[in-house]
Amino acid sequence: MSRALPKYNQRRVAVIGGAAAVVLSGAVIAGSALAGTPARSDGATGARTLAAAGTITCPDVASRLPAVPASAKAEVDRNLALLQTQIQEAGKRLKDTVGQGGPNFVDNAILGPLKDKRVATVNRIATAIGRTAAKPTGLDALAPCTLNAGGNANGGGNANAGAGSAAGGNAGGNANAGGNANAGGNANAGGSADAGAGSAGGNSEAGTITCPDVASQLPAVPASAKAEVDRNLALLQTQIQEADKRLKDTVGQGGPNFVDNAILGPLKDKRASTIDRIAISIGRTSAKPAGLDSLAACTLTK
């Protein structure tokens, strides 16, 4: 009996030792599996972070200009600086609105409005040069910008227009339509530009955009300016119609400031440029009308 007990103890130690080895092996396997998990998770998080904002890349305008007359240099330089400001503002808006809107949010709220602003600014540059030299053509082609969803400010981002523009390039970061689909009421976006009037607070209906009449505020238009003034007055109406269509097409998208950022703000910028062209046209042969800029802002009503 005294000899059997040690054998029993030996068997018990062997069983316990084997079990411990199995547990230890399991812990090693589990630890290895868990050790790999954070790496994949971190990689996915990094990818989402890069897709969330990205960088806006625009064609360079200054390098495409002809020789600028001395009389136009100040105005051209001012508008070239404005182009840079517009890109910076759009970049800030891109970062501030991560997670908002549907799959077309960036096109509608950032890249589209940026293009419109750049078209107006580039046209002012061409007009300034054209007053005393040959007016450059084809500069409108430099207006569209692209989103480099990878966050790399490489000029090669223009090649990413198809996949990297708002329709898909920011889908990873901004395609949160479900979470923000009616945040603040979209069409009135928490009161929109007409918040002071309380026209449609929190209403998700499209509503109607109302703008001050410009034609009735103009002085007598010289015959030499009439064609250009009429063309720009017609353009003001087209801009309102386009903004109304965008308003209806984007119901349910964006956060509380969506309508201001994506529709009313860009419309005001376009109208300010168009009204400025009207004033300049009249001012070439008559007194240039002042104060017309106050007619640029529009409001949203039901």
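We number each residue from 1, following the sequence as shown.
Taking OG1 of T274 as the reference point, atom CG of L236 lies at 5.0 Å (rounded to 0.5 Å). Taking OG1 of T121 as the start and CZ of R78 as the end, the distance is 11.0 Å to the nearest 0.5 Å. A distance of 6.5 Å separates CG of L114 from CD of Q86, quoted to the nearest 0.5 Å. Between atom OG of residue S216 and atom CG of residue L218 there is a gap of 7.5 Å, rounded to the nearest 0.5 Å. Annotation: the span from L295 atom CG to I278 atom CD1 amounts to 9.5 Å, rounded to 0.5 Å. Once rounded to the nearest 0.5 Å, the distance linking OG1 of T250 with CZ of F105 reads 10.0 Å.
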Show the numbers, then the answer: is there a side chain to side chain donor-acceptor pair (under 3.5 Å) between S63 and D60?
CA-CA 6 Å; S63 63; D60 180 56; 2.7 Å; yes

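Not counting sequence neighbours, S294 has no partner by the side-chain contact (heavy atoms from CB on, under 4.5 Å) test. Residues meeting the side-chain contact (heavy atoms from CB on, under 4.5 Å) test with A143, sequence neighbours left out: K115, R118, V119.
For the pair I129 and P69, the minimum side-chain heavy-atom distance is below 4.5 Å.
When all heavy atoms of L147 and L94 are compared, the pair lying nearest together is CD1-CD2, 3.4 Å.
A continuous path of ILVMFWY side-chain contacts below 4.5 Å connects L80 to V122, so both sit in one hydrophobic cluster. When the side chains of ILVMFWY residues are joined at heavy-atom separations under 4.5 Å, either directly or via intervening members, L292 and I282 end up in a single hydrophobic cluster.
A salt bridge between K226 and D230 is present, with a side-chain N of the basic residue lying under 4.0 Å from a carboxylate O of the acidic one.
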